[in-house]
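In each ligand, atom 1 is the first atom listed, and ligand 1 is the first ligand listed.
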Amino acid sequence: MALKKLGQNFLIDEDVAKREIKYCNITKDDVVLEIGPGKGILTALLAKRARKVIAIEIDERFIDDIKKNLPKNVLLICADVLKVDFKTLPKFNKIVSNLPYQISSPITFKFLEYDFSQAILIYQKEFADRMVARVGSKNYSRLSVGIYYKARCEIVETVPKTCFDPQPKVESCIVNLLPRTFHPFSVSNEDFFFELTRELFNHRRKKIKNILQKTYGVDCEEIPDKDKRVEELTPEQIGKLSNTLLEIQHR
Ligand code: SAM
């Protein structure tokens, strides 16, 4: 039985899996990480194309099944991926996964802490829309800012519910994630930049000056965008704001 709490919507359309592999341009030079192989539809195709596949599955029930026909170049690990230190794995350079949707955010930021060249990932459409949203759009969010800072990201295609069993309630999207070599703007303290972004988007319709006065006790005279609302600030402006706030606090 598929477990909803583990995001077990299994891909049943092999053409979608083939296209994922094509988008990621997998060759025999690649070592690929896959999260949640499940019944192995993607794992088998990846194993044919890649040098090695590292597949991490939390649900023991699938481990024995997959093991029966496991190609030699697949390293299968039974674990919660959020608890796995990627540095303890063989070095991988690409990630291809139909992600369990309930861990979309933590797993994406965990990926982005690691040094890889490309990821092709399936997410819920609503999450993917927020990942790529630009300032001024209704989906612009903390996630959009964090992703923009760390990666280039595009939706490659929408995947209908009918491609999965059981069918999810919403559509899905294949997303291409390319980590940036250089950030698009510089922040003096990344942790503070992310904390500030979270704090701001808790009040996305409020004016910056009201949030800063209340949360950080800052006199906003020298803050350039103080009269703007959170949802109007570009990622660059949020980065600048975090640098200015730190300067003020360290005086
Ligand atoms: N790759 C398969 C496919 O395309 O049909 C399954 C994808 S299904 C959307 C997500 C898979 O991730 C399930 O097999 C689920 O058991 C596994 N999973 C869920 N949470 C996990 C976690 N924290 N760590 C590792 N695997 C997890």
Remaining members of the apolar cluster that contains Leu6, side-chain heavy atoms under 4.5 Å = Met1, Leu3, Ile58

With sequence neighbours excluded, what pairs up with Ser242 under the side-chain hydrogen bond (donor to acceptor under 3.5 Å, both in side chains) test?
->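 Partners of Ser242 under the side-chain hydrogen bond (donor to acceptor under 3.5 Å, both in side chains) test: none.
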
Assign the ring pair Tyr216 / Phe192 to parallel, tilted or perpendicular, where the plane angle (0 to 90°) is split at 30° and 60°.
-> perpendicular

Is it true that the side chains of Thr234 and Tyr148 contain a donor and an acceptor less than 3.5 Å apart?
->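 Short answer, no.
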
Regarding Lys150 and the six-membered ring of Phe109, is the cationic atom NZ or CZ under 6.0 Å from the ring centre and inside 45° of its axis?
-> no

Could you please provide the protein residues found below 4.0 Å of ligand 1 on a heavy-atom basis, arranged by chain and number?
->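 These residues qualify: Leu6, Gly7, Gln8, Asn9, Phe10, Leu11, Glu34, Gly36, Pro37, Gly38, Ile41, Ile56, Glu57, Ile58, Asp59, Ala79, Asp80, Val81, Asn98, Leu99, Pro100, Gln102, Ile103.
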
With sequence neighbours left out, write down each residue that passes salt bridge (Lys or Arg N to Asp or Glu O under 4.0 Å) with Arg19, or none if nothing qualifies.
->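 Expected list: Glu157.
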
